Student: 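After the structure tokens below, expect a handful of questions from me.
Being a predicted model, the structure only gives us computed values, none of them experimental. Below, read A as the first sequence line, B as the second, and so on, with proteins coming before strands; counting in each chain starts at 1. Heavy-atom basis, side chains included; hydrogens, waters and symmetry copies ignored.
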Number of protein chains: 2
Amino acid sequence: MSNPLLLEEQLCFPFYAISREITKRYRPLLEPLGLTYPQYLVMLVLWEQDQQSLKAVGERLHLDSGTLTPLLKKLEASGLVERVKNPVDERHIQITLTANGQALRNEAEQIPLALKELLGVSDEDMELVKQTLNRLTIKMNGTD
Amino acid sequence: MSNPLLLEEQLCFPFYAISREITKRYRPLLEPLGLTYPQYLVMLVLWEQDQQSLKAVGERLHLDSGTLTPLLKKLEASGLVERVKNPVDERHIQITLTANGQALRNEAEQIPLALKELLGVSDEDMELVKQTLNRLTIKMNGTD
DNA sequence: CTTTTATAGATTGTATACAATCTAATTGTA
DNA sequence: TACAATTAGATTGTATACAATCTATAAAAG
């Protein structure tokens, strides 16, 4: 019987390695926009739907305030978002895009295509991977 | 045409999210061993082949000295490895398992199975994912 | 045999992740 | 209505990641 502790036998490692590899390839594309990869994800969420609470953004990205509070403060310092308390419920803060934050969307629009070419992955592989991962995500969430 | 900036359209996000989710599920399994997830990966590499240089370990895990030096110092402080200069070429350090480090392997052996059950993923899905990711990794490395 | 170049690790600085705890605001309830 | 329980964020502390730089050593070039 084969060694269950071989690195290549672990399901975990490919995810860990590929995730970091992809992040690394985003870097040169995001640098001109002044964004890191997690900051880019937050902007994606806000471009879809402006004026969300930290909690809502966090649920979308599976990140908590420990990660998001400093990250959002950086985006605020960059002039891309504003953080204001919700007057209806002062426990919530509303994250709102500034004009600059909205404008950045135009520059970001070219990134998905540029990344696809940088990764050199075919449309079919892309689709296969996406479906496989979605199945896995659903199953994993089911065991929460 | 659909919005190319939708979070769900990004190839990157599922990898990012699943990778972190898997790491999180390892935590309770690794805590009794006193290991973090990246530390566990380093131990896997050393259990396969003892007495490797930092560089060799790093190539296997795609990590550089900036990450590995402090991590290995922690493993050394935990009494699991030793770091000694290679007398033949003093630029290299050899990472060697201590008796405790070798013994920990026995306790680690149950982890892969425990994790599979924790993830609740079937063998078929596991195999499908592994194959899909391997294909993707190969293609991505091809564009380095 | 010097001088240059390359290499392996260590260090520094920035940016996540995330558990654990704290604080303020809101809700539920006796 | 007081008051306990909940909730959203902020904070603290630890552990990665990784680019950039530094240092010591070895190899290559002249």
Student: Between the side chain of B:Thr67 and the main-chain N/O of B:Leu63, is any donor-acceptor distance below 3.5 Å?
Tutor: no

Student: Please tabulate, one pair per line, each protein N/O and nucleotide N/O from nucleotides 5-7 of chain C that are separated by under 3.5 Å, including the distance.
Tutor:
residue : atom : partner : partner atom : Å
C:dT7   : O2   : B:Arg91 : NH1          : 3.3

Student: For the backbone of A:Pro28 and the side chain of A:Glu31, can you confirm whether one donor and one acceptor N or O come within less than 3.5 Å of each other?
Tutor: no

Student: Looking only at atom types and distance, does a side-chain atom of B:Gln10 sit under 3.5 Å from a main-chain N or O of B:Leu6, one as donor and one as acceptor?
Tutor: yes

Student: State whether the side chain of B:Thr132 and the backbone N or O of B:Leu128 hold a donor-acceptor pair below 3.5 Å, judged by distance alone.
Tutor: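 Indeed, once roles are kept as given, a pair shorter than 3.5 Å links the two residues.
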
Student: Could you pick out which residue, B:Tyr16 or A:Pro87, lies toward the 5' side of DNA chain C when each is mapped onto its nearest nucleotide?
Tutor: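 The residue closer to the strand's 5' end, by nearest nucleotide, is B:Tyr16.
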
Student: Spell out, as yes or no, whether a donor-acceptor pair under 3.5 Å connects the side chain of B:Trp47 to the backbone of B:Gly101.
Tutor: yes

Student: Salt-bridged, B:Glu48 to B:Arg105, with N to O below 4.0 Å?
Tutor: no

Student: Name the nucleic acid region contacted by A:Val88, choosing base, sugar-phosphate or nothing; use a 4.0 angstrom heavy-atom cut-off, strictly under.
Tutor: sugar-phosphate

Student: Under a criterion of less than 4.0 angstrom to any heavy atom of chain B, what are the 5'-terminal and 3'-terminal contacting nucleotides of DNA chain D?
Tutor: D:dA15 to D:dA26

Student: With A:Val81 as reference, evaluate A:Ile95, A:Asp50, A:Thr96, A:Asn100 under the side chain to side chain contact (heavy atoms under 4.5 Å, CB included) test and give the passing residue.
Tutor: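 By the side chain to side chain contact (heavy atoms under 4.5 Å, CB included) criterion, A:Val81 pairs with just one of A:Ile95, A:Asp50, A:Thr96, A:Asn100: A:Ile95.
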
Student: Judged by each residue's nearest nucleotide on DNA chain D, which is more toward the 5′ side, A:Lys24 or A:Gln94?
Tutor: A:Gln94

Student: Which ones in residues 28-52 of chain A lie close to DNA chain C, meaning a heavy atom under 4.0 Å from one of its atoms?
Tutor: A:Thr36, A:Pro38, A:Gln39

Student: In plain terms, say whether A:Glu8 and B:Arg60 are close enough for a salt bridge, that is, a side-chain N and a carboxylate O under 4.0 Å apart.
Tutor: yes

Student: DNA chain C: B:Asp89 or A:Asp89, which has the more 5' nearest nucleotide?
Tutor: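 Counting from the 5' end, the first nearest nucleotide belongs to B:Asp89.
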
Student: Between the side chain of A:Glu21 and the main-chain N/O of A:Ile18, is any donor-acceptor distance below 3.5 Å?
Tutor: no

Student: Could you list the residues that satisfy ring-ring contact (aromatic ring centres under 6.0 Å, His included) with B:Tyr40, not counting sequence neighbours?
Tutor: B:Tyr26

Student: Kindly state which residues belonging to residues 64-74 of chain A come within less than 4.0 angstrom of DNA chain D, counting heavy atoms of the residue only, listed by number.
Tutor: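 When residues 64-74 of chain A is checked for heavy atoms under 4.0 Å from DNA chain D, the hits, listed by number, are A:Ser65, A:Gly66, A:Thr69, A:Lys73.
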
Student: Are B:Lys55 and B:Asp64 within salt-bridge range, i.e. N to O under 4.0 Å?
Tutor: no

Student: Does A:Ser53 reach a base, just sugar-phosphate, or nothing at all? Heavy atoms under 4.0 Å.
Tutor: sugar-phosphate

Student: Pair up each side-chain donor or acceptor in residues 68-80 of chain A with any protein partner under 3.5 Å, not counting sequence neighbours, and list the distances.
Tutor:
residue : atom : partner : partner atom : Å
A:Thr69 : OG1  : A:Ser65 : O            : 3.0
A:Glu76 : OE1  : A:Arg83 : NH1          : 3.1
A:Glu76 : OE2  : A:Arg83 : N            : 3.3
A:Ser78 : OG   : A:Lys74 : O            : 2.9

Student: Spell out, as yes or no, whether a donor-acceptor pair under 3.5 Å connects the side chain of A:Gln52 to the backbone of A:Val45.
Tutor: yes

